[in-house]
Amino acid sequence: MKPRVAKGTRDFSAQEVAKRHYVMSVLRKAFERFGYSPLETPSFENLETLMGKYGEEGDRLIFKILRSGDFMKHAESDVPKASEIADKALRYDLTVPFARYVVQNAGQLAMPYKRYQMQPVWRADNPQKGRFREFYQCDADVVGSQSLWQEVELVHLYQAAFDALNLPVTIRLNNRKVLAGMAEVSGVGDRLVAFTVALDKLDKIGVEGVVNELLSKEFTLEEIEKLKPAMQSFATTNESIAFLRTWLSDSEIGIKGVEELTFVLDHAGNAPLIIDITLARGLNYYTGCILEVSANEVQMGSVGGGGRYDDLTGIFGLHDVSGVGVSFGLDRILLCLEELHRLPNTLESAPKALVFHMDTDQAKEGYQLTAYLRKAGISVDFYPEPAKWKKQFDFAEKRGIPFALLYGEEEMKQGVVQVKELRTGDQEAIRYVDLAAHLATR
RNA sequence: GUGGUUGUAGCUCAGUUGGUUAGAGCGCCUGAUUGUGGUUCAGGAGGUCGUGGGUUCGAAACCCAUCUUCCACCCCA
C-alpha cells in the first residue's frame, strides 16, 4: 500500500502551518476587535440537520457517516438511500451549524448575537485549483438585528482585516432586493433564482454567455431584452444608483433595495466599496445585501463574500431572526499573500538554536544547556545522538534552525558557548549568563 | 455527478514502432576528514514502472477496470 492523503485533502508542513496561523490570528484579532465572540461546533452533525439545507446539489456533496454497528439494519433494499444507512454527516459549512446553535440556545443568547468561527468544512466535490474536499472557513455573522448598521460594520470589518493583512481589496456590494426588482419589472419575478445564477456568471462568460444561459433556462427573447440593463457596467456608484432608481421605480422591493444600498454606501466612510449590480452570488438564502471581496493586485477569484439572510433559523423553526454575515477565504488569501510576498518573514516554525551533541561524555552538559535555555524561554533543540558534525549541521540547516551551539572542554572551562550562525558562518563565544539574552534578541 | 488529463527511485523527470539486467539530475548513505557543515572527489544503497485484470513468444509502453493528480463543467470557498 502506498501511503497517501485522501482525495482532495492536504497535509500542512511546519512552514505552511505557520503561515495559516498568521492569517488566522490576524482575522481573529479583527473579529474580536469588532465584538464578535468565538464559537466552535462539532465536526459532524446529525444527518437531518444538514440534509435539504443546500439544495439538491448540496445534498449530493455532503459527506455522510455510516450508522454505527449494523448499518444495513434500517435499509429497505439492497441499494439503500443514504438516509437509511447513514445518520450523521460532516459539517458542510459553518452557517447551518451556527443557525442550529442559535435556535438551540435562543433563550440564553444575548441578541443580537455576534459570533466568529474558523473551522474546517468538508465537501464531496471533485477537487480542482484552489478547491478541496477539506478546507477552512472563517466566518463572522450576526443574528437578531435587522439594522443596516450591521452591514456597514461588516464592510468595515473587511476593511480592517484586509488592511491588517496588507492586502488591498475591492468590496463589491449589491442587494438581493435590487435583483428581485429587476426580475419584477421584467416580468420574470417567478424565476429570480435562475436569473441570478446566470447573471452571477457575467464576469466569467460575458453578456452573450448569460443570454445563452437564460435562453437555455427557457427565458424568452423579450424577457431577456428587458433584463439586459442588468448586464451593463457603470463608471461611478452614483450613476448606477441613479439608473436603478429610474429602472426600478415601479417595483416596491426594488426601490427598497436601492435605499439599502444607499444607506450602506453613505456610511461606509473610506472603505474600498463599489456597487456592482451584476453581483448575484448563487446562494439563494440571501435576501438583502450581498458582498464579495476581490484582491486588487492578483488575478484570483473572490477572497471573501457574504450577505443578509432574513430567515436562516426558520429551517429550525425559529422565525423572524434576521442574520447577516461574511466569510474569509483562507486558502485564497494565502495564495494572494504568497504571490505578493506580503507574508511577514519573521514567521517562526523552527527552534532558534540547536545544541550540538559533542560527544557521549558531554551529553549531560549539552542537555543541561538545552534545559537552561528552554527555562529562559528560548526555543531550542538538543541533538539526541553523538553524530558527526556534518550530520548535525545538515540537520539544523534543513530545519531552518538559525544557530548552532558548540562547546567543549575549553569552552566549559571558560564558561562560554560558541554560538555559530549557520547562514553566515559567523561564530562568537558567549558567556553562559549572557546566552539567553543574546539569543532572544537575534 | 459529467468530460478530459496524469501516475516510472525520497524529489523532478527521461525511457524510440512492444524486444537483453528500467536510466539521469538532485537528495540520501559511506569514505577522503578524531572540534567547525555548505565546495570537490571516490564509492554505495534505493524501483511490485499507481493497483488489478487482459492481449502477446515478450508489456513501463497496447486494451479494460479501478484509484490518484491536474483541468473544465455543475456547483462553490
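We use all heavy atoms of the structure for the numbers below, so side chains are in, but hydrogens, waters and symmetry mates are not. Here the structure is a predicted model, which means the values were calculated and not measured. Order of the sequence lines sets the chain letters (A, B, ...), proteins ahead of strands, with each chain counted from 1.
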Determine whether any donor atom in the side chain of [X] lies under 3.5 Å from an acceptor atom in the base of [N], or the reverse, and answer yes or no.
X: A:Arg131; N: B:rC70; answer: no
X: A:Asn126; N: B:rU2; answer: yes
X: A:Gln418; N: B:rU36; answer: no
X: A:Glu411; N: B:rG35; answer: yes

- Message: Quick check, does A:Phe135 stack with B:rA77? I mean ring centres under 5.5 Å and planes off by under 30°.
- Response: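 It does: the ring sits over the base of B:rA77.
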Mind checking [X] for me? I need base, sugar-phosphate or nothing, with any heavy atom below 4.0 Å counting as a touch.
X: A:Leu330; answer: nothing
X: A:Gly58; answer: nothing
X: A:Gln362; answer: nothing
X: A:Arg60; answer: base
X: A:Gly8; answer: sugar-phosphate
X: A:Asp125; answer: base
X: A:Gln392; answer: nothing

Who pairs with [N] - Watson-Crick or G-U, where each distance is under 3.5 Å:
N: B:rA42; answer: B:rU30
N: B:rG25; answer: B:rC11
N: B:rC49; answer: none
N: B:rA72; answer: B:rU2

Rounding to an integer number of Å, can you tell me how far [X] [atom1] sits from [N] [atom2]?
X: A:Lys390; N: B:rG27; atom1: NZ; atom2: C1'; result: 11 Å
X: A:Asp11; N: B:rU69; atom1: CG; atom2: C1'; result: 15 Å
X: A:Asp361; N: B:rG35; atom1: CG; atom2: C1'; result: 14 Å
X: A:His357; N: B:rG35; atom1: NE2; atom2: P; result: 14 Å
X: A:Arg4; N: B:rG10; atom1: CZ; atom2: P; result: 14 Å
X: A:Gln137; N: B:rA77; atom1: CD; atom2: P; result: 7 Å
X: A:Lys420; N: B:rG38; atom1: NZ; atom2: P; result: 10 Å
X: A:Lys201; N: B:rA72; atom1: NZ; atom2: C1'; result: 13 Å

Using a strict threshold of under 4.0 Å (side-chain N to carboxylate O), is an ion pair present between [Y] and [X]?
X: A:Glu45; Y: A:Lys53; answer: no
X: A:Asp331; Y: A:Arg131; answer: no
X: A:Lys228; Y: A:Glu225; answer: yes

Roughly how far apart, to the nearest Å, are [N] and [M] at atom [atom1]?
N: B:rG58; M: B:rG54; atom1: C1'; answer: 15 Å
N: B:rU5; M: B:rC26; atom1: C1'; answer: 27 Å
N: B:rC64; M: B:rG46; atom1: C1'; answer: 33 Å
N: B:rU16; M: B:rG52; atom1: P; answer: 23 Å
N: B:rG50; M: B:rU68; atom1: P; answer: 16 Å
N: B:rC11; M: B:rU55; atom1: P; answer: 33 Å
N: B:rC57; M: B:rG18; atom1: C1'; answer: 12 Å
N: B:rG3; M: B:rA77; atom1: P; answer: 26 Å

- Query: Does the side chain of A:Gln128 get closer than 4.0 angstrom to OP1 or OP2 of B:rA72 through an N or O atom?
  - Reply: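 Result: yes.
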- Query: For A:Lys388 and B:rG31, is the shortest distance between a side-chain N/O and OP1 or OP2 below 4.0 Å?
  - Reply: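 Affirmative; the distance criterion is met.
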- Between A:Lys204 and A:Asp331, name the one whose nearest nucleotide on RNA chain B is closer to the 5' end. A:Lys204
- Should the pair A:Arg115 and A:Phe98 be classed as cation-pi, given the thresholds of under 6.0 Å to the six-membered ring centre and 45° from the axis?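 Output yes; distance and angle both within limits.
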Proximal nucleotide (of [options]) relative to the [X] side chain:
X: A:Lys391; options: B:rC67, B:rU36, B:rC29; answer: B:rC29
X: A:Phe132; options: B:rA77, B:rC74, B:rU68; answer: B:rA77
X: A:Leu61; options: B:rC29, B:rC75, B:rC73; answer: B:rC75

- Are any non-hydrogen side-chain atoms of A:Val416 and A:Tyr407 less than 4.5 angstrom apart?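 A:Val416 does not reach A:Tyr407 side chain to side chain.
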- Message: Side chains of A:Leu279 and A:Leu173, heavy atoms from C-beta outward: is any pair under 4.5 Å?
- Response: no
- Going through the checks in order, is the salt bridge (charged side-chain N to carboxylate O under 4.0 Å, His left out) test met by A:Asp141 and A:Lys114? CA-CA 6 Å; A:Asp141 292 82; A:Lys114 296 165 72 173; over 6 Å; no
- Query: Around A:Glu421, counting heavy atoms of other residues, nucleotides and ligands shown, do more than 12 lie under 6.0 Å from its CD?
  - Reply: yes
